[in-house]
2 protein chains.
Amino acid sequence: MENTIENIRAQMRKGLLDYCILSILGKHEAYASSLIEELKAAGMIVVEGTLYPLLIRQKNQGLLDYRWEESTQGPPRKYYVLSDKGREQLAQMDAAWQEIIESVNTLKRV
Amino acid sequence: MENTIENIRAQMRKGLLDYCILSILGKHEAYASSLIEELKAAGMIVVEGTLYPLLIRQKNQGLLDYRWEESTQGPPRKYYVLSDKGREQLAQMDAAWQEIIESVNTLKRV
DNA sequence: TCTAATACCTTGTATCGCAAAGTACCAAAA
DNA sequence: TTTTGGTACTTTGCGATACAAGGTATTAGA
């Protein structure tokens with residue numbers, strides 16, 4: 001159980017991944033590798049072995065749909081889009097996220 | 001695997017508990033039950049079965065020290081205080097938390 | 001036809017948070 | 001003095017998440 005700054009960050013990221021995925025898909029459809037790129041660019045590192053099961057879970061929960069699309073350079077891609085249910089949940093997560101920020105602020109005050 | 005708003009919040013809280021505990025102890029010493037009260041008041045619900053192992057972990061990592069203190073109404077209390085190492089880590093966590101907020105903001109933008 | 005690049009998926013492991021149950025101390029009532 | 005209720009600390013078993021590592025499959029180009 002290491003104690004580096006990287007592990008601290010990784011620990012905090014836990015539980016936010018679902019939210020981040022839905023947030024991205026709320027803006028535009030995407031496939032797994034592109035999600036990883038976008039997350040990495042924002043500083044939320046994720047690896048394939050985390051993302052694929054997560055997408056399957058969200059799909060099974062009815063939050064996502066997907067369609068296959070040919071690529072010009074490689075195998076076909078599985079493009080995910082937000083379902084209506086996913087959009088609802090994203091709205092709830094937006095609220096939950098704001099509340100958590102507020103909770104931490106409250107703890108910091110006083 | 002339920003999908004309620006409560007579970008969504010619980011999911012997001014994960015990984016922030018360590019940070020919240022250190023944040024509180026950064027302001028004043030506290031014992032477990034008082035930590036639970038303060039966390040609950042701020043909206044970060046925690047139960048004993050979560051908190052005690054967490055405190056033991058942080059103690060074993062050298063982030064906390066504790067001392068026993070008699071109580072006027074009940075068994076003695078284990079008051080935890082932040083160690084120097086804990087203070088360092090809290091500073092790192094403050095930075096990490098700000099970065100995560102920024103990462104989420106980045107994902108939300110565009 | 002082999003290789004490199006891209007993309008998707010699975011398995012095993014560690015850890016976290018929770019529910020539930022257990023242990024111990026203290027004070028006041030019976 | 002024994003019992004009861006409240007407070008506080010601890011442990012065990014379980015479910016879920018994230019990661020590391022390895023695997024499968026498709027395509028383009030050498």
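Note that these values count all heavy atoms, side chains included, but never hydrogens, waters or copies made by symmetry. As the structure is a prediction and not an experimental result, all values here were calculated from the model. Quick note on labels: first sequence line is chain A, next is B, and so on, each numbered from 1.
For residues 73-94 of chain B, the pairs satisfying ring pair (Phe, Tyr, Trp, His ring centres under 6.0 Å) are B/Tyr31-B/Tyr79, B/Tyr66-B/Tyr80, with sequence neighbours left out. For residues 87-97 of chain A, the pairs satisfying salt bridge (Lys or Arg N to Asp or Glu O under 4.0 Å) are A/Asp94-B/Lys108, with sequence neighbours left out.
Nucleotide D/dA18 holds its P atom 13 Å from the CD1 atom of A/Ile36, rounded to whole Å. Between the CZ atom of B/Arg13 and the C1' atom of C/dC16 there is a distance of 13 Å, given to the nearest Å. Atoms CG (A/Asn60) and P (C/dT10) sit 11 Å apart, rounded to a whole Å. Nucleotide D/dA18 holds its P atom 12 Å from the CE atom of B/Met12, rounded to whole Å. Summarising the geometry, the separation between OH on B/Tyr66 and C1' on D/dC9 is reported as 11 Å, rounded to the nearest angstrom. Between the C1' atom of D/dA8 and the CG atom of B/Leu51 lies a distance of 12 Å, rounded to the nearest Å. We find that CD of A/Glu69 is positioned 14 Å from P of D/dT27, with the value rounded to whole Å. Going from atom CG of A/Leu54 over to atom C1' of C/dC8 covers 15 Å, rounded to whole Å.
Across D/dT27, C/dG17, D/dT11, the shortest atom-to-atom separation from the side chain of A/Glu70 is found for D/dT27. Picking from C/dG17, D/dT10, D/dT17 the nucleotide with the shortest atom distance to the side chain of B/Tyr80 gives D/dT10.
With sequence neighbours left out, A/Asp65 forms a side chain to side chain donor-acceptor pair (under 3.5 Å) with no residue at all. For A/Arg67, the salt bridge (Lys or Arg N to Asp or Glu O under 4.0 Å) criterion is met by A/Glu29, A/Glu69, not counting sequence neighbours. Shown here are the salt bridge (Lys or Arg N to Asp or Glu O under 4.0 Å) partners of B/Arg77, two or more places apart in sequence or in another chain: there are none. The salt bridge (Lys or Arg N to Asp or Glu O under 4.0 Å) test applied to B/Lys27 returns B/Glu38, not counting sequence neighbours.
Around atom CG of B/Asp84, no more than 12 heavy atoms belonging to other residues, nucleotides or ligands sit under 6.0 Å away.
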Side-chain donor/acceptor pairs under 3.5 Å, residues 42-53 of chain B, sequence neighbours excluded:
none

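Considering only side-chain N and O atoms, B/Arg57 lies under 4.0 angstrom from the phosphate OP1 or OP2 of C/dC16.
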Between the protein and nucleotides 5-7 of chain C, list the N/O to N/O atom pairs that are separated by less than 3.5 angstrom.
| from | atom 1 | to | atom 2 | distance (Å) |
| --- | --- | --- | --- | --- |
| C/dA7 | OP1 | A/Tyr31 | OH | 2.9 |
| C/dA7 | OP1 | A/Arg77 | NE | 2.7 |
| C/dA7 | OP1 | A/Arg77 | NH2 | 2.6 |

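Salt bridge status for B/Arg13 with A/Glu99: absent, with no side-chain N to carboxylate O gap under 4.0 Å.
Nucleotides of DNA chain C nearest to A/Tyr79 and A/Gln11 differ in position, and the one nearer the 5' end is that of A/Tyr79.
A heavy-atom distance below 4.0 Å to DNA chain D is reached by these residues of residues 17-27 of chain A, ordered by number: A/Leu17.
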